[in-house]
Amino acid sequence: RGRNVADMASVTMLVCCCLVALIPGLVRSHDSYRRQVTFEYNPGRNSLAVAPNVLHVRAVGRADTIHYVWSSLGAPTVLLVHTSSPNTSLYIDWTRLQLPDPTGALRIEPATAVLYSTAIVFSRLWEYDDVNDTADLSRAPPDSFYPPYLLQDFTWDNANATLDRNALTAQLRGRNASAPLFTNASVTFRIAAFEGSGRDPELPRLLHSANCSKLEFSIEGLRPRGNFSRFGLELLVLEGAGSERRLRVRSTIDDEYTPSIFQVSELLSLRDNASGVSSFLQWKPVAYGARRPRRTDSMQTHNSALRPRESRQRLPAASIAFAFTGTEPGPHTRLAALNVSFGSPGQRLYREHHYLSWSALIGTGEPPRDWFSVLVVAVMAAGLGLPALGLLVGCLVVCTVRRRRVVTGYRPIN
């Protein structure tokens with residue numbers, strides 16, 4: 001029996017050692033890499049005449065630069081250009097930009113430093129009558145859709161009034177003046193850039209790095225056209241040859257930062273030679289029905305399958321993406337479409353509050369990945385380690401007591 005107790009003590013000690021060894025691997029500190037970030041409005045334009053909103057984020061690293069160009073020219077769009085030099089600059093030909101064919105109006109110099117470019121065009125706001133309460137746009141019957149709101153037809157506020165160069169934030173807010181139900185309503189794209197890694201204080205508390213920026217899309221005050229209306233957003237992705245778009249869903253056992261959400265969705269751009277990820281759009285499958293959301297304000301999101309589009313019929317008439325060589329429509333440009341719909345079965349949060357918001361990150365390289373926080377690991381260590389420690393102490397006590405009870409007068413015969 002003494003030998004069994006000793007073996008048990010050894011096993012318990014081994015478990016404790018394994019827990020101690022695993023704890024550093026379960027916790028990852030935030031990436032310390034930082035970039036020098038500037039945020040500007042309509043760069044290079046000196047005229048006071050009315051012009052489309054162009055917001056330029058320049059994120060300079062040690063040996064590269066990421067350019068994000070947001071614009072309400074035509075359909076709202078974000079253009080991402082990654083370069084191999086910390087000295088690249090954006091130039092805009094404002095006269096050419098507003099021509100029917102703006103190709104070449106926007107360029108990065110030196111052009112030889114451009115490694116990769118992509119654009120995401122937010123083209124349509126869908127509304128459909130979800131009589132079957134599936135809360136999934138891709139499963140809705142064709143005759144349940146109302147005519148979509150084309151975002152290229154919207155009138156957009158002056159984004160310069162919202163630009164905060166210290167906080168690195170701005171927003172594009174638009175309205176459809178021709179739609180009676182859009183009276184006192186708006187859609188907004190809130191943009192945030194980051195110098196380093198961190199986490200949003202508001203739900204869904206996305207983890208970001210210096211290699212990405214954030215978009216928050218919201219609908220406010222739009223009156224539904226049906227008793228069971230739900231909404232969705234169409235995204236068109238444009239990029240040059242050499243990359244392939246792929247959807248990936250990652251699961252996690254930790255919902256510490258976004259309660260009840262155990263998945264992360266990612267739209268990745270993979271190089272054709274399988275050498276890595278060029279860019280990503282990352283989001284959690286949740287939206288919220290309040291400006292300062294709580295867990296009770298959450299609703300599910302559903303995304304359609306990624307649809308490569310050979311036909312260009314549904315491209316908007318204009319977009320800042322068409323002004324950059326590499327993302328302009330053409331025979332060598334790849335195009336794919338994705339729908340994201342908002343709502344949970346049995347829930348009608350939008351009808352109650354007339355508000356919803358959805359957040360995502362766009363950036364280069366591998367997307368940020370959540371790891372267990374120190375608090376969670378401490379709880380795990382306490383839950384697993386304390387019983388093991390108690391068992392170890394118990395084994396040691398039993399061994400000590402047994403040794404004291406050994407009869408010393410008996411001598412074994414060799």
Side-chain angles (χ1 to χ4, degrees), residues 36-60 65-83 88-109 111 114 117-123 150-175 186-194 212-217 235-239 279 315-329 362-364:
Q36 183 179 352
V37 180
T38 56
F39 209 149
E40 57 184 341
Y41 175 77
N42 285 4
R45 183 173 177 84
N46 299 318
S47 173
L48 298 178
V50 177
N53 292 308
V54 176
L55 294 162
H56 175 221
V57 176
R58 185 171 182 261
V60 181
T65 303
I66 307 173
H67 297 269
Y68 305 90
V69 184
W70 289 83
S71 180
S72 60
L73 172 67
T77 300
V78 55
L79 169 68
L80 182 153
V81 184
H82 187 203
T83 70
T88 54
S89 301
L90 171 72
Y91 293 91
I92 300 177
D93 184 335
W94 286 96
T95 302
R96 189 170 185 177
L97 182 64
Q98 300 180 68
L99 294 177
D101 180 9
T103 303
L106 189 151
R107 67 187 189 277
I108 298 293
E109 293 187 358
V114 174
S117 62
T118 187
I120 299 178
V121 181
F122 304 93
S123 52
L150 304 182
L151 297 186
Q152 65 179 356
D153 296 335
F154 280 39
T155 301
W156 300 89
D157 295 348
N158 184 350
N160 193 36
T162 69
L163 176 58
D164 187 331
R165 290 177 171 82
N166 295 320
L168 300 176
T169 58
Q171 66 183 33
L172 299 171
R173 174 173 291 177
R175 300 169 180 81
S186 63
V187 299
T188 305
F189 295 86
R190 296 182 181 88
I191 306 153
F194 308 110
C212 63
S213 62
K214 177 193 166 189
L215 112 88
E216 180 186 337
F217 169 75
L235 290 70
L236 303 177
V237 183
L238 290 156
E239 60 191 355
S279 70
L315 276 174
S319 165
I320 195 73
F322 304 165
F324 184 77
T325 302
T327 57
E328 81 286 11
I362 179 172
T364 62

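What's counted below: heavy atoms across the whole structure, side chains too, no hydrogens, waters or symmetry copies. The model shown is predicted, which means the values in this text are computed figures rather than measured ones.
The closest side-chain heavy-atom distance from Ile191 to Gln171 is not below 4.5 Å. Leu80 is listed as a side-chain neighbour of Ile362, based on a closest heavy-atom distance under 4.5 Å. The closest side-chain heavy-atom distance from Leu236 to Ile120 is not below 4.5 Å. Side-chain contact between Leu55 and Tyr41: present, with at least one pair of heavy atoms (C-beta onward) separated by less than 4.5 Å. Side-chain contact between Tyr91 and Leu106 is absent, with no heavy atoms from C-beta onward closer than 4.5 Å. A 4.5 Å side-chain heavy-atom check between Val187 and Phe217 finds at least one atom pair inside the cut-off. Using a 4.5 Å heavy-atom cutoff, the side chains of Leu79 and Tyr68 are not in contact. Residues Pro43 and Ile92 meet the side-chain proximity criterion, which asks for heavy atoms closer than 4.5 Å.
Atom CD of Gln36 has 12 or fewer heavy atoms from other residues, nucleotides or ligands within 6.0 Å.
Checked by atom type and distance alone, the side chain of Gln98 never pairs as donor or acceptor with a backbone atom of Arg96 at under 3.5 Å. Thr83 contributes a side-chain N or O that, together with a main-chain N or O of Thr65, makes up a donor-acceptor pair within less than 3.5 Å. Using a distance-only test at 3.5 Å, with no hydrogens or angles considered, a donor-acceptor pair links the side chain of Ser319 to the main chain of Ala321.
Using modelled atom types, one finds no donor on one side chain facing an acceptor on the other under 3.5 Å when comparing Ser117 with His82. No side-chain donor from either of Thr118 and Ser279 sits under 3.5 Å from a side-chain acceptor of the other.
With rounding to the nearest 0.5 angstrom, the OG1 atom of Thr364 is 3.5 Å from the CD1 atom of Ile66. One finds the CG atom of Leu168 at 10.5 Å from the OG atom of Ser213 (value rounded to the nearest 0.5 Å). For the atom pair Leu172 CG and Phe189 CZ, the distance stands at 7.5 Å (nearest 0.5 Å). Between the CZ atom of Phe324 and the CD1 atom of Ile108 there is a distance of 5.5 Å, given to the nearest 0.5 Å. Taking CZ from Arg173 and OG1 from Thr155, the interatomic distance works out to 14.0 Å, rounded to the nearest 0.5 Å. Rounding to the nearest 0.5 angstrom, the gap separating the NZ atom in Lys214 from the CD atom in Glu216 is 5.0 Å.
Pairing each heavy atom of Gln152 with each of Ala318, the nearest pair is OE1-N, 4.0 Å. Closest of all the heavy-atom pairs between Pro52 and Asn42 is O-OD1, 3.3 Å. Nearest heavy atoms, Asn53 versus Ala159: OD1-N, 3.0 Å. Nearest heavy atom pair, residue Ser72 against residue Trp156, reads CB-CG, 3.5 Å. Considering all non-hydrogen atoms of both residues, His67 and Leu90 come closest at CE1-N, 4.3 Å.
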- Dump the intermediate steps for side-chain contact (heavy atoms from CB on, under 4.5 Å) on Phe322 and Asp101, then the final yes or no. CA-CA 8 Å; Phe322 304 165; Asp101 180 9; over 6 Å; no

- Item | Worked check of side-chain contact (heavy atoms from CB on, under 4.5 Å) between Val78 and Val69 | CA-CA 6 Å; Val78 55; Val69 184; over 6 Å; no

- Task: I would like to know whether Glu40 and Thr38 meet side-chain contact (heavy atoms from CB on, under 4.5 Å); could you show each step before the answer?
- Result: CA-CA 7 Å; Glu40 57 184 341; Thr38 56; 5.6 Å; no

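Comment: Asp157 engages Arg175 in a salt bridge, judged by a side-chain N to carboxylate O separation of less than 4.0 angstrom.
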